[in-house]
Amino acid sequence: MLIIGIAGGTGCGKTTVVNQIIDSLPEGEVGVISQDSYYNDLSDMPLEERRKTNFDHPQSIDFSLLEEHLKLLKEGHSIKQPVYSFLECNRTGKTVPVHPTKVLIVEGILILTNSLLRKMMDIKIFVHADSDERLIRRLKRDVNERGWNLDETLDKYQSNIKPMHLQFIEPSKEYADIIIPNNKYNTVAVDIVRTIINEKLA
Ligand SMILES: Nc1ncnc2c1ncn2[C@@H]1O[C@H](COP(=O)(O)OP(=O)(O)O)[C@@H](O)[C@H]1O
Ligand SMILES: O=c1ccn([C@@H]2O[C@H](COP(=O)(O)O)[C@@H](O)[C@H]2O)c(=O)[nH]1
């Protein structure tokens, strides 16, 4: 199994890049695991409290479970991945089966901050977009899709998102083998990653 890690700040375009990469690849040969599915279970907290959680700090992620799942998949076993709800700020209690594939993409803002995860990755990619671009994209998404208003999103950006980005996410760029500039759609970089994956699948 080839494991590709794709990190980068919120709104940099990780999900978009992943979708572009897997778009023309054979179905069933490439799997995707998102760090978002591994936010800690916060069922013991009311929603009001959960909404105040710093979801940009590495401690908000259940890295042990993510590591265990990657190890199992690498060994050829299937896993039950937790399903996360951004509206509830919590795991839903449901799981989806994920089966081993020849290529596995792991994506998330904090995945390159964890040394055990980094060791499991064959290729480490960091997607870069300028912070103003990312803030604009994030604002649109949080307001349109994730149940936050403008003020809440800007407050969160100042209190958690920006400081955690500077403390943890941006420094993890140094571990990347490839940095994809993504202020604009970058088809050249996506094609290069696809070529590497196709070689593995051949
Ligand atoms: N290169 C780009 N140019 C303009 N908009 C983009 C670009 N890449 C992604 N987007 C848009 O920005 C938003 C966030 O992208 P997404 O891929 O979800 O980022 P991430 O997964 O890193 O948070 C989405 O609405 C997406 O369509
Ligand atoms: O309940 C939650 C959990 C996380 N977030 C935010 O999500 C982003 C990471 O996701 P990207 O798709 O990479 O942007 C992170 O910045 C958290 O603040 C959330 O809004 N709600």
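Note that ligands are numbered from 1 as they come in the structure, with each ligand's atoms numbered from 1 the same way. Starting from 1, each residue takes its place in the sequence as its number.
- In this structure, Q158 contributes its side chain and D155 its backbone to no donor-acceptor pair below 3.5 Å.
- Follow the hydrophobic side-chain contacts under 4.5 Å out from V190 and you never reach V106; the two are in separate clusters.
- A donor-acceptor pair under 3.5 Å is absent between the side-chain atoms of T113 and the main chain of F168, judged by distance alone.
- Counting the atoms of ligand 1 from 1 in the order shown, those under 4.0 Å from a heavy atom of K184 are 1 (N).
- The nearest heavy-atom contact from the protein to atom 19 (O) of ligand 1 is G13 N, 3.2 Å.
- Of the protein's non-hydrogen atoms, the one nearest atom 18 (O) of ligand 1 is R141 NH1, 3.6 Å.
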- Task: Test F63 against Y38 for ring pair (Phe, Tyr, Trp, His ring centres under 6.0 Å), laying out the working first.
- Result: CA-CA 7 Å; F63 275 118; Y38 293 85; 9.2 Å; no
Distance-only donor-acceptor hits, side chain of residues 21-34, under 3.5 Å, sequence neighbours excluded:
unit_1 : atom_1 : unit_2 : atom_2 : d
S24    : OG     : R194   : NE     : 3.2
S34    : OG     : D36    : N      : 3.1
S34    : OG     : E107   : OE2    : 2.8

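- For V143, the side chain to side chain contact (heavy atoms under 4.5 Å, CB included) test picks out T153, with sequence neighbours left out.
- Other residues, nucleotides and ligands place no more than 12 heavy atoms under 6.0 Å from the CD atom of Q59.
- The contact shell of ligand 2, taken as protein residues with any non-hydrogen atom closer than 4.0 angstrom, comprises T10, G11, K14, D36, Y39, F55, D56, Y84, F86, C89, I109, R138, R141, R146, K156.
- Within a 4.0 Å radius of atom 9 (C) of ligand 1, the protein contributes at least one heavy atom.
- Remark: minimum distance from atom 17 (O) of ligand 1 to any protein heavy atom is reached at T16 OG1, 2.5 Å.
- In terms of polar-atom proximity, T10 is not counted as a contact of ligand 1, lacking any N or O under 3.5 Å from an N or O of the ligand.
- Of the N and O atoms on the side chains of S60 and N40, not one donor lies less than 3.5 Å from an acceptor on the other residue.
- Within the 3.5 Å criterion, the main-chain N or O of L110 finds a donor-acceptor partner in the side chain of Q35.
- Using a 4.0 Å cutoff on heavy atoms, G8 does not count as a contact of ligand 1.
- For atom 21 (O) of ligand 1, the closest non-hydrogen atom of the protein is T15 OG1, 2.6 Å.
- Among residue pairs with one or both ends in residues 159-177, those qualifying as side chain to side chain donor-acceptor pair (under 3.5 Å) are H128-K173, R134-H165, H165-E170, E170-K173; sequence neighbours excluded.
- Neither the backbone nor the side chain of R138 has any atom closer than 4.0 Å to an atom of ligand 1 (non-hydrogen atoms only).
- Of all the heavy atoms of R137, the ones lying under 4.0 Å from any atom of ligand 1 belong exclusively to the side chain.
- Considering backbone and side-chain N/O of N182, one or more are found under 3.5 Å from N/O of ligand 1.
- Within the 4.0 angstrom cut-off, atom 25 (O) of ligand 1 has no protein heavy-atom neighbours.
- Donor-acceptor pairing under 3.5 Å is recorded for the side chains of N183 and D130.
- Nearest non-hydrogen protein atom to atom 7 (C) of ligand 1 is Y185 CE2, 3.4 Å.
- With hydrogens and angles ignored, the 3.5 Å screen pairs no side-chain donor or acceptor of R91 with any backbone N or O of Y84.
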